S.K.: 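First, the structure itself, so that you have it in front of you.
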Amino acid sequence: MKINLDWHSPTIDEISSLQNQIIAGDLFSNDSSLASLFFLKDKYNIQIAIKSDVLYRYFEGKKSRTGYLFPIFLQSNSSNDYTQRLRKAIEEIRSDAKTNSRKFQFCLVTQKQKNDLDSVISVDWDTNRDDSDYLYFSQELAELNGKDFHKKKNHLTHFISEYGKSFKAVELKDEENWQDALNVAYDWLDQNCEDDEENEQLQNELASIKSAVENYRELNLKGMVIYIDDEPVAMTIASKISDQVLDINFEKALLPYTENGLYTAICSMFAKNQSEFLYLNREEDMGIEGLRKSKLSYRPAIILDKYFGSVC
């Protein structure tokens, strides 16, 4: 059997090497974060392949999260234009699907990527609102100015008033701080695990956070921990998608401090240090009503819909 694409689970060395090779100008989706490919590889059985300066990705999730993702182009000396490279990449995927008896289908495709695919193939598209990413202007989250953010500003003001000099927000730079971020994740799990099914999901997320913390240097991750009375009580971990977009991969805050605005504090204080990025991608709501309401309350600049479908 002819092997067209060498599929394998992404390695840390590979992801680290790829970070400077990606042509990422129009990448906005959290699924395009290279770091996410590594620490979510077990959750979605993520497989990648690299051929002719193209990064191919395959997810095995549920329903709208199963299939080939849009090919990501690497820096190349090729004289072929974008459309030519895309056509060639799609033919590689078509051949791979036939060889491996996979459905020739795509998932987690943004509107821009969908338009590009529509120019070269015909796909029966559908969309799932639960998969949509929420993108925010980093400056707006940092400042929380204007009437749209009045309640959030009040939450932040209340937090600062309540804890005064007893709290500090620290960027994740050394091993100790990163370990404190992981400790917050452990404590959050203890506070929020309610049943066996949810416990399995949260344990899988904890494993992803642990993987991120263990490999933060190679994955070029950013983050912050908030301490109250020198105890870590909130954390956020983020990865670069493109020069414009930073992905907020994980964010956790502990009781009882959440009742006094801790989530707003970690969100806004981290955003203050990310002015180099136009957008912060705070990912999807997974159809959870409370999470959707919370994400909408921060006034997203973009709700990034994603599409899935089989080639006709």
Side-chain angles (χ1 to χ4, degrees), residues 7-19 22 24 27-50 55-72 102 105-110 113 128 130-135 172 178 181-182 184-186 188-189 192 197-223 235-242 245-252 280-288 291 295 304 306-308:
W7 293 104
H8 56 279
S9 180
T11 67
I12 189 64
D13 290 340
E14 202 169 24
I15 294 300
S16 179
S17 174
L18 282 170
Q19 289 181 341
I22 295 292
L27 296 180
F28 290 83
S29 167
N30 70 305
D31 312 293
S32 298
S33 163
L34 290 178
S36 291
L37 288 180
F38 180 75
F39 50 69
L40 295 179
K41 58 187 173 68
D42 294 331
K43 180 177 181 179
Y44 296 114
N45 190 25
I46 296 173
Q47 299 287 299
I48 68 170
I50 301 171
L55 171 63
Y56 298 92
R57 300 165 293 160
Y58 190 86
F59 277 36
E60 292 182 1
K62 295 181 179 180
K63 297 180 181 178
S64 60
R65 291 176 172 264
T66 295
Y68 297 93
L69 278 71
F70 192 86
I72 293 180
R102 286 174 170 169
Q105 62 186 28
F106 292 90
C107 67
L108 302 172
V109 171
T110 66
Q113 294 168 345
N128 183 351
D130 299 350
D131 292 334
S132 301
D133 286 354
Y134 293 78
L135 279 76
L172 298 181
W178 280 96
L182 181 58
V184 170
Y186 277 113
W188 185 92
L189 180 64
N192 289 272
E197 182 178 355
E198 185 177 37
N199 180 49
E200 182 179 0
Q201 295 173 349
L202 295 180
Q203 288 288 353
N204 289 338
E205 182 187 46
L206 180 62
S208 294
I209 295 173
K210 185 177 180 181
S211 179
V213 169
E214 290 174 347
N215 298 282
Y216 72 89
R217 287 194 182 92
E218 293 84 354
L219 296 174
N220 197 27
L221 301 179
K222 296 172 173 285
M235 69 82 163
T236 190
I237 295 174
S239 61
K240 181 179 176 179
I241 296 175
S242 69
V245 189
L246 185 70
D247 186 24
I248 308 300
N249 301 108
F250 307 106
E251 184 180 84
K252 303 294 181 186
L280 298 183
N281 184 328
R282 294 182 59 80
E283 302 195 343
E284 66 279 349
D285 60 38
M286 300 172 289
I288 301 172
L291 191 55
K295 290 181 182 292
L304 188 69
K306 302 175 194 175
Y307 298 83
F308 64 97

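Everything quoted here is computed from the prediction, not taken from an experiment.
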S.K.: Please evaluate residues N249 and S36 with respect to the criterion side chain to side chain donor-acceptor pair (under 3.5 Å), reporting the C-alpha separation (whole Å), side-chain torsions for both, the decisive distance (0.1 Å), and the verdict.
M.R.: CA-CA 8 Å; N249 301 108; S36 291; 3.0 Å; yes
S.K.: Is there a side-chain contact between L108 and Y307 (heavy atoms, below 4.5 Å)?
M.R.: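 A side-chain contact under 4.5 Å is absent here.
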S.K.: Under a 3.5 Å threshold, yes or no: a donor from one side chain and an acceptor from the other, between N281 and Y134?
M.R.: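 Y134 and N281 do not have a side-chain donor-acceptor pair below 3.5 Å.
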S.K.: Are K43 and E205 close enough for a salt bridge, meaning some N to O gap below 4.0 Å?
M.R.: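 Looking at K43 and E205, the cut-off is not met.
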S.K.: Do T11 and D13 have side-chain N/O donor and acceptor atoms under 3.5 Å apart?
M.R.: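 Judged by distance alone, the side chains do not pair up.
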S.K.: Could you walk me through whether K252 and V184 pass the side-chain contact (heavy atoms from CB on, under 4.5 Å) test, one step at a time?
M.R.: CA-CA 7 Å; K252 303 294 181 186; V184 170; 4.0 Å; yes
S.K.: To the nearest 0.5 Å, how far apart are CD1 in I248 and CG in L280?
M.R.: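 That separation rounds to 5.0 Å.
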S.K.: Any chance you could measure I288, atom CD1, to D130, atom CG, to the nearest 0.5 Å?
M.R.: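 Rounded to the nearest 0.5 Å, the CD1-CG separation comes out at 9.0 Å.
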S.K.: Answer whether the closest heavy-atom distance between the side chains of L55 and L18 falls below 4.5 Å.
M.R.: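 With C-beta onward as the side chain, the pair touches.
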S.K.: For Y216, check ring-ring contact (aromatic ring centres under 6.0 Å, His included) against everything at least two apart and list the hits.
M.R.: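 Testing Y216 for ring-ring contact (aromatic ring centres under 6.0 Å, His included), a comparison that skips the adjacent residues, returns W178.
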S.K.: Please answer whether the main-chain N or O of S211 pairs with a side-chain N or O of E214 as donor and acceptor at a distance below 3.5 Å.
M.R.: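 Here the side-chain-to-backbone pair does not exist.
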S.K.: Can you name the nearest heavy-atom pair linking R282 to K295, along with the distance?
M.R.: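 Scanning both residues, the minimum pair turns out to be O-NZ, 2.5 Å.
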S.K.: Return the CZ to CZ distance between F106 and F308, rounded to the nearest 0.5 Å.
M.R.: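 It is 14.5 Å, given to the nearest 0.5 Å.
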S.K.: Between OG of S64 and CZ of F59, what distance do you get to the nearest 0.5 Å?
M.R.: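 Separation between the atoms: 11.5 Å.
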S.K.: Will you find, in the side chains of S239 and N220, an N or O donor that is under 3.5 Å from an N or O acceptor?
M.R.: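 No.
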S.K.: Which value, rounded to the nearest 0.5 Å, describes the distance between S132 atom OG and M286 atom CE?
M.R.: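 That separation rounds to 13.0 Å.
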S.K.: Hey, are the side chains of N128 and K63 touching, using non-hydrogen atoms and a 4.5 Å cut-off?
M.R.: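 Answer no - side chains too far apart.
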S.K.: What is the distance from atom CG of L37 to atom CD of Q47, rounded to the nearest 0.5 Å?
M.R.: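 Between atom CG of L37 and atom CD of Q47 there are 11.5 Å.
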S.K.: Quick one: does K240's side chain have a donor or acceptor within less than 3.5 Å of a partner on D247's backbone?
M.R.: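 No; zero donor-acceptor contacts below 3.5 Å.
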S.K.: Mind listing the closest non-hydrogen atom pair of P10 and I46 along with its distance?
M.R.: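 Where P10 meets I46 most closely, the heavy atoms are CD-O, 3.5 Å.
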S.K.: Please give me the minimum heavy-atom distance between I209 and A185, naming the atom from each residue.
M.R.: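 Minimum heavy-atom contact is CD1-CB, 3.9 Å.
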S.K.: Would you name the heavy atoms of I15 and L219 that are closest together and state the gap between them?
M.R.: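 Reported closest heavy-atom pair: CG2-CD2, 3.7 Å.
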S.K.: Check for a donor-acceptor pair, side chain of Q105 on one end and backbone N or O of T66 on the other, with a separation under 3.5 Å.
M.R.: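 Such a contact is found between Q105 side chain and T66 backbone.
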S.K.: Any donor and acceptor pair, going by atom type alone, linking the side chain of R57 with main-chain N or O of D31 inside 3.5 Å?
M.R.: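 Pair found, side chain donor or acceptor close to backbone of D31.
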S.K.: Kindly determine whether K306 and D133 satisfy side-chain contact (heavy atoms from CB on, under 4.5 Å), including the steps that lead there.
M.R.: CA-CA 8 Å; K306 302 175 194 175; D133 286 354; 2.8 Å; yes
S.K.: Within the side chain of R65, is there an N or O that forms a donor-acceptor pair under 3.5 Å with the backbone of E60?
M.R.: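 Not at all, since once roles are kept as given, no pair shorter than 3.5 Å links the two residues.
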S.K.: How close do G61 and Y44 get, counting heavy atoms only, and between which atoms?
M.R.: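 Closest approach of G61 to Y44, heavy atoms only: CA-CD2, 3.8 Å.
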S.K.: Determine yes or no for a side-chain-to-main-chain donor-acceptor pair under 3.5 angstrom, with S32 supplying the side chain and I241 the backbone.
M.R.: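 Checked: no pair found.
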S.K.: May I have the step-by-step check of side-chain contact (heavy atoms from CB on, under 4.5 Å) for E14 and I48, ending in yes or no?
M.R.: CA-CA 10 Å; E14 202 169 24; I48 68 170; 3.5 Å; yes
S.K.: Are F250 and S208 packed together at the side-chain level, in the sense that at least one heavy-atom pair is separated by less than 4.5 angstrom?
M.R.: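 When only atoms from C-beta onward are counted, S208 and F250 do touch, with a gap below 4.5 Å.
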S.K.: Going by the rule ring-ring contact (aromatic ring centres under 6.0 Å, His included), which residues pair with Y58 if we only count those two or more places apart in sequence or in a different chain?
M.R.: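 For Y58, the residues satisfying ring-ring contact (aromatic ring centres under 6.0 Å, His included) (neighbours in sequence not counted) are Y68.
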S.K.: Check step by step if side-chain contact (heavy atoms from CB on, under 4.5 Å) holds for L135 and F28.
M.R.: CA-CA 8 Å; L135 279 76; F28 290 83; 3.8 Å; yes
S.K.: For Y56, which residues count as a ring-ring contact (aromatic ring centres under 6.0 Å, His included) partner, sequence neighbours excluded?
M.R.: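 Y56 satisfies ring-ring contact (aromatic ring centres under 6.0 Å, His included) with no other residue.
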